[in-house]
There are 2 protein chains.
Amino acid sequence: MPRNKRHLETKIKKEEIEFVAMALLKQKGYDNTSMAEIARAAGIAANTIYWYFENKDDVLISVLNRVVAQAMKELSEQREQPLRTKLLSLIAQVESSGSLMTDVHSRVSHSPKIQAWHDRFHTMVEQLSVSELVNAGVNPLEALLDAKLLIYVIEGLLAHPHQPEEREQIIDQALKHVFA
Amino acid sequence: MPRNKRHLETKIKKEEIEFVAMALLKQKGYDNTSMAEIARAAGIAANTIYWYFENKDDVLISVLNRVVAQAMKELSEQREQPLRTKLLSLIAQVESSGSLMTDVHSRVSHSPKIQAWHDRFHTMVEQLSVSELVNAGVNPLEALLDAKLLIYVIEGLLAHPHQPEEREQIIDQALKHVFA
DNA sequence: ATATTTCTTGAATGGCATTCAAGATAATAT
DNA sequence: ATATTATCTTGAATGCCATTCAAGAAATAT
């Protein structure tokens with residue numbers, strides 16, 4: 001038990017790496033960010049990362065968890081807002097993380113861990129959406145299907161560039177259908 | 001002009017490479033298929049590919065064009081079918097090309113040529129969808145928005161594993177909304 | 001002070017897309 | 001028929017990458 005200080009410093013160092021990795025991955029995406037680059041930005045040797053993380057996908061997962069935690073926090077601050085506002089703010093949130101979500105999709109087939117993370121994330125968003133929809137008066141029987149539709153629309157919006165107005169138009173159209 | 005024979009053989013060889021590349025890319029995806037592997041399957045040296053194609057993304061584009069051409073052909077054979085049938089058959093089509101569409105999305109940020117291909121493909125599908133929708137009685141003013149919604153739903157279905165029944169449920173739900 | 005665990009690193013390793021320079025083959029010109 | 005040129009092919013680099021390895025430094029425990 002007197003390894004406390006050591007443990008603490010280890011955790012801090014790991015967080016430091018996650019921090020610089022997050023900045024780089026958000027900015028340049030997974031494929032355009034090398035481990036060497038992350039290491040350089042963190043002021044350590046390239047292979048030192050492997051003491052703290054199993055591999056590059058592991059770094060990505062840690063970063064993703066941070067991004068999601070942040071998004072959740074922002075979302076919880078909008079509890080009173082209508083669904084439309086929540087969705088737009090969620091999109092803005094995720095968008096600020098660059099291509100990270102696209103990166104997740106493209107790495108699902110390479111890494112079982114990313115696959116698992118992706119699945120967990122999807123069911124989480126799905127549950128959130130269903131409860132939102134039911135809350136907003138959608139027939140519970142259809143809420144699950146509508147949730148999936150909404151998620152795919154959101155993913156589509158995130159994966160493709162859009163003007164803010166166009167994005168809002170599309171979201172509004174989707175919501176109109178769902179609430180019709 | 002008497003270089004005819006040479007030109008013909010060149011075209012044939014290029015097509016041979018595209019053919020084996022298509023099989024490999026469909027089966028194993030972009031990242032898990034190396035140029036060396038394609039070359040081996042085509043019975044040539046690894047670097048010979050670079051006489052016929054600029055780079056790996058160029059190979060991907062040629063393969064994509066073949067896949068799309070095939071899908072278009074199948075689609076045109078369903079001219080009389082309802083939209084639902086067309087969509088399901090389109091999904092089945094694209095699905096048989098493995099992760100190729102996901103690969104496109106993940107390479108958009110790496111290659112301007114892939115980016116351009118992706119944009120062209122999207123507007124094409126969009127135009128097709130709009131005319132389908134208008135034909136099927138959707139208000140023309142909303143057809144464009146609905147087309148985008150449908151495309152994103154289809155992309156979502158393709159990017160995520162689904163049981164056939166679930167897929168149909170989701171498509172039906174989307175169509176119900178669009179035609180409501 | 002010594003042994004043990006924890007952390008760090010320089011130097012591999014193996015895989016990859018791509019390039020280079022030189023050779024082979026075929027088409028054309030003389 | 002021979003020489004010249006354009007077309008195709010290849011073995012051998014090059015440079016980048018994630019990841020591993022073995023050995024050393026630092027902190028902790030005995």
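Per chain, numbering begins at 1; letters A, B, ... match sequence-line order. As the structure is a prediction and not an experimental result, all values here were calculated from the model.
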Student: Considering just the side-chain nitrogens and oxygens of B:S34, establish if one lies under 4.0 Å of OP1 or OP2 belonging to C:dG15.
Tutor: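 Indeed not, no polar side-chain atom of B:S34 lies that close.
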Student: Tell me the interatomic distance from B:Y50, atom OH, to C:dA21, atom C1', rounded to whole angstroms.
Tutor: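 It works out to 17 Å between those atoms.
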Student: Please say which of A:L145, A:D146, A:L144 ends up in a side chain to side chain contact (heavy atoms under 4.5 Å, CB included) with A:V130.
Tutor: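 Running side chain to side chain contact (heavy atoms under 4.5 Å, CB included) over A:L145, A:D146, A:L144 with A:V130 returns exactly one hit, A:L144.
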Student: Rounded to the Å, how far apart are A:E54 CD and D:dT19 P?
Tutor: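 It works out to 10 Å between those atoms.
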Student: Answer yes or no: is there a side-chain heavy-atom contact under 4.5 Å between A:R40 and A:M35?
Tutor: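 Side chain of A:R40 against side chain of A:M35, heavy atoms only: no contact under 4.5 Å found.
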Student: Measure from CE on B:M35 to C1' on D:dT10 and round the result to the nearest Å.
Tutor: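 About 15 Å, once rounded to whole Å.
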Student: How is B:T48 classified with respect to the nucleic acid when contacts are heavy atoms under 4.0 Å: base, sugar-phosphate, or nothing?
Tutor: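 B:T48: base contact, heavy atoms under 4.0 Å.
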Student: Between A:K13 and C:dT8, does any side-chain N or O lie under 4.0 Å from OP1 or OP2?
Tutor: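 Checking C:dT8 against A:K13, a side-chain N or O does come within under 4.0 Å of OP1 or OP2.
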Student: Is the A:H105 to B:H105 ring centre distance short of 6.0 Å?
Tutor: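 No: the rings miss the under 6.0 Å criterion.
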Student: Could you tell me whether A:F53 contacts a base, only the sugar-phosphate backbone, or nothing, with contacts defined as non-hydrogen atoms closer than 4.0 Å?
Tutor: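 Touches nothing.
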Student: Between atom OH in A:Y52 and atom C1' in D:dA18, what is the gap in whole Å?
Tutor: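 My rounded result for the distance is 19 Å.
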Student: Roughly how many Å is it from CH2 in B:W51 to P in C:dA22, rounded to a whole number?
Tutor: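 So the two atoms are 21 Å apart, to the nearest Å.
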Student: Cation-pi check, B:K13 to B:Y52: give yes when NZ or CZ is under 6.0 Å from the six-membered ring centre and within 45° of the ring axis, no otherwise.
Tutor: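 B:K13 over B:Y52 ring: no.
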Student: Whole Å only: how far is the CD1 atom of B:I44 from the P atom of D:dT10?
Tutor: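 Those two atoms, CD1 and P, are 7 Å apart.
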Student: Separation of B:I38 atom CD1 from C:dA17 atom P, in whole Å?
Tutor: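 One finds 8 Å between P of C:dA17 and CD1 of B:I38, rounded.
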Student: Just how far, in rounded Å, is P of C:dA17 from CG of B:L24?
Tutor: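 Those two atoms, CG and P, are 12 Å apart.
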